[in-house]
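Both backbone and side-chain heavy atoms feed into the values below; hydrogens, waters and symmetry mates do not. So you know, we letter chains A, B, ... as the sequences are listed, proteins then strands, and number each from 1.
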Amino acid sequence: MFAYTVRRLIMLIPVLIGMSILVFSIIHLIPGDPAKTLLGEKASPEVLEKMREDLGLNDPLLVQYKNYMVNLLQGDLGTSIKTKRSISEEIKPYLAATVELTFFAMLFAVIVGVNAGIIAAWKQNSWFDYIAMLIALIGVSMPVFWLGLMEQYIFAQKLQWLPSIGRDSILNPINSITNFYIIDTVIQGDFDGLKQILKHLILPSIALGTIPMAIIARMTRSSMLEVMKADYIRTARAKGVAQFFLVYKHALKNAFIPVLTVVGLQTGLLLGGAVLTETIFAWPGVGKYLYDAISVRDYPVIQSGILMIATIFVIINLIVDLLYSAIDPRIRYQ
Amino acid sequence: MAENFVLEVKNLKTYFHSDNGLLPAVDDVSFQLKPGETLGIVGESGSGKSVTSLSIMGLIPKPPGEVRGSIIYKGQDIVQASEKKLREIRGNEIAMIFQEPMTSLNPVFTIGNQMIEAIRLHTSLSKKEAHHKGIEMLKLVGIPRAEEIMGEYPHQLSGGMRQRVMIAMAMSLNPSILIADEPTTALDVTIQAQILDLMRNLKKDYNTSILLITHDLGVVAEMCQRVVVMYGGKVVEEGDVRTIFKEPKHPYTIGLIKSTPKIKENLERLYSIPGNVPSLNNMPKGCTFAPRCEQATEICRNQVPPLFSITGEHKSRCWLNEKDALDNREGA
């Protein structure tokens with residue numbers, strides 16, 4: 001298991017290099033001149049040329065790539081063309097905001113989705129099953145921006161239970177150390193702050209978690225239905241195992257592999273930044289950061305962002321693969 | 001009847017509701033199991049023998065299933081028993097082993113985990129005590145390196161070993177009845193003999209009654225004292241094993257015995273009963289075997305024969321035996 005993990009980590013290197021080449025080429029094939037974007041359409045050719053020279057855009061692609069990789073390996077993602085700040089520094093709070101939101105969205109999706117799927121399978125063809133699957137169907141088909149707006153309208157505007165936008169209260173901002181507000185408030189013992197942070201997380205988490213929740217619920221249900229027919233479930237029943245343990249112990253562990261796959265993929269997707277949700281809830285996350293960078297052709301930022309998202313995907317896939325073998329002993333890696 | 005039975009099945013009817021109406025998988029089946037006896041239930045696939053055993057265990061899913069009649073265990077009708085009561089009986093008093101040892105153990109839990117679970121469900125043993133009991137049982141069923149096997153997963157064992165584990169698990173609570181549903185069908189012939197030997201020895205040591213469900217007459221001859229032959233959800237012949245093999249009365253039983261290869265005879269082709277078991281939604285009106293029976297007459301096609309008593313415990317559900325039964329009654 002340990003050797004397998006190490007080998008998988010080493011195998012990540014060529015994957016990441018390949019990814020960096022791909023990302024680098026795509027970005028440079030997109031039409032549009034960053035110098036022009038920065039200086040405006042009316043800038044004189046001399047100024048534009050100077051700008052391109054400063055940005056290294058006149059170097060051959062290979063040289064540009066080499067410079068990029070050398071910096072990357074030193075943990076330097078480059079400098080934003082727009083803000084002139086170091087990207088690795090700049091991206092941290094955005095990344096933290098996205099990770100925090102993703103964590104709670106997936107927590108909601110997994111807890112609700114898995115349990116709804118289990119109970120729907122357990123009570124197949126009951127009213128619970130029908131309603132849960134109807135909600136799941138609505139959940140996957142509903143546009144996330146509409147759900148977000150409805151949440152804000154009902155819970156923020158009408159009922160005034162929850163804040164509608166942002167990560168923290170404007171009047172009482174969090175004193176951030178780690179960029180992860182939950183951790184910040186806990187280590188500083190600021191429990192009022194923590195309460196505020198959690199309140200801010202509820203609506204965007206539900207909006208963002210609804211689609212994964214619906215997919216997970218449907219996947220869990222079908223997987224459970226399959227497993228509940230298995231011979232070993234009949235054996236367990238013949239031993240006198242109660243229905244609850246039959247479902248939550250004997251069946252669930254077997255049914256969990258396809259569910260885990262979906263959870264991994266969805267987590268990766270959400271970590272890549274959910275532009276729509278982040279925009280509606282004014283959530284300062286990676287999605288919004290990248291969206292802004294794309295609109296001004298901030299190449300270094302776009303490159304770093306895409307590379308980071310791709311890396312996160314690869315790592316999550318690795319974690320999912322390792323979890324497979326922890327759940328099912330038949331999946332043993334040589 | 002002063003006789004003492006561990007299990008008495010009376011007029012058991014297990015139906016399944018379906019889009020094609022009510023399907024009678026088990027239709028009015030009665031038999032008794034004596035203490036320490038091995039009773040064989042023989043029949044082809046679809047004869048209702050497995051559904052009978054699942055009905056006894058209370059493992060018929062309801063709906064779509066429906067169980068009527070009575071199954072009396074220790075003086076109590078368990079057809080009507082609550083789920084909680086049934087759980088106390090299952091595994092503890094009536095244990096069961098299945099046809100498919102390859103898929104009957106949960107692949108994601110260790111053998112030890114599954115053994116300990118079975119033991120602790122019905123006793124107040126601690127985990128450690130249950131672990132020791134598990135090892136003891138594995139050794140009893142002839143599993144080498146029992147301590148290590150406790151920590152291994154089912155896929156690491158062969159089919160024969162897994163069936164031994166199933167038997168160890170089933171016997172670990174010293175049940176009064178062991179229901180074995182085709183326990184050797186999926187195994188190699190050499191392993192079959194070992195498993196049958198093991199069951200025979202355990203039965204002797206524990207004085208457990210065994211309900212052996214099989215389609216293999218060879219297994220019946222080797223293991224059972226009495227046999228119930230099922231066809232189309234009904235008991236067609238019943239009697240002690242010698243009588244059934246020496247003087248089978250029902251044409252179906254005769255056909256089954258004829259279609260078993262024998263060492264002494266050297267036939268070009270083995271006899272086979274023509275046709276198939278009728279499907280549940282298309283049962284013949286009269287005797288269920290009539291469409292495949294070479295001796296069927298008009299009455300067979302129109303009227304369901306009753307179970308005629310021939311001698312003592314020997315009963316047969318065939319109109320051809322009506323005369324034998326009458327003769328008997330007159331002679332008696």
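To the nearest 0.5 angstrom, A:D231 atom CG is 11.0 Å from B:N106 atom CG.
Minimum heavy-atom separation, A:N254 to B:P107: OD1-CG, 3.3 Å.
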The test is side chain to side chain contact (heavy atoms under 4.5 Å, CB included); show your working for A:T235 and B:M169 and say whether it passes. CA-CA 10 Å; A:T235 306; B:M169 206 150 74; 4.1 Å; yes

Might you work through the side chain to side chain contact (heavy atoms under 4.5 Å, CB included) test for B:F98 and A:R234, ending with a clear yes or no? CA-CA 9 Å; B:F98 298 96; A:R234 189 184 54 187; 3.1 Å; yes

Working for side chain to side chain donor-acceptor pair (under 3.5 Å), residues B:E117 and A:H250: CA-CA 11 Å; B:E117 181 187 40; A:H250 288 263; 2.8 Å; yes

Checking side chain to side chain contact (heavy atoms under 4.5 Å, CB included) for the pair A:D328/B:H155: CA distance, chi angles, key distance, verdict? CA-CA 11 Å; A:D328 192 336; B:H155 72 275; 6.0 Å; no

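When heavy atoms are compared at a cutoff of 4.5 Å, A:I233 does not approach chain B at all. Heavy-atom distances place the side chain of B:M166, and not its backbone, under 4.5 Å from chain A. Only the backbone of B:L105 comes within contact range of chain A, with at least one heavy atom under 4.5 Å from a heavy atom of that chain. No part of B:I179 comes within reach of chain A, as not one of its non-hydrogen atoms sits under 4.5 angstrom from that chain. Contacts of A:A236 with chain B are absent, with no heavy-atom separation under 4.5 Å from either backbone or side chain. For B:Q114, the parts lying near chain A are the backbone and the side chain together; criterion is any non-hydrogen pair under 4.5 Å. Proximity to chain A is absent for every atom of B:A95, based on heavy atoms less than 4.5 angstrom apart. When heavy atoms are compared at a cutoff of 4.5 Å, A:A238 approaches chain B by way of both its backbone and its side chain.
Taking A:K253, A:Q243, A:K239 one by one and counting their heavy-atom pairs under 4.5 Å with chain B, the maximum is reached by A:K239.
No more than 12 heavy-atom neighbours from other residues, nucleotides or ligands sit within 6.0 angstrom of CZ on A:F103. Heavy-atom neighbours of A:F128 CZ from other residues, nucleotides or ligands within 6.0 Å: above the threshold of 12.
Counting heavy atoms from C-beta on, the side chains of A:R237 and B:R90 come closer than 4.5 Å.
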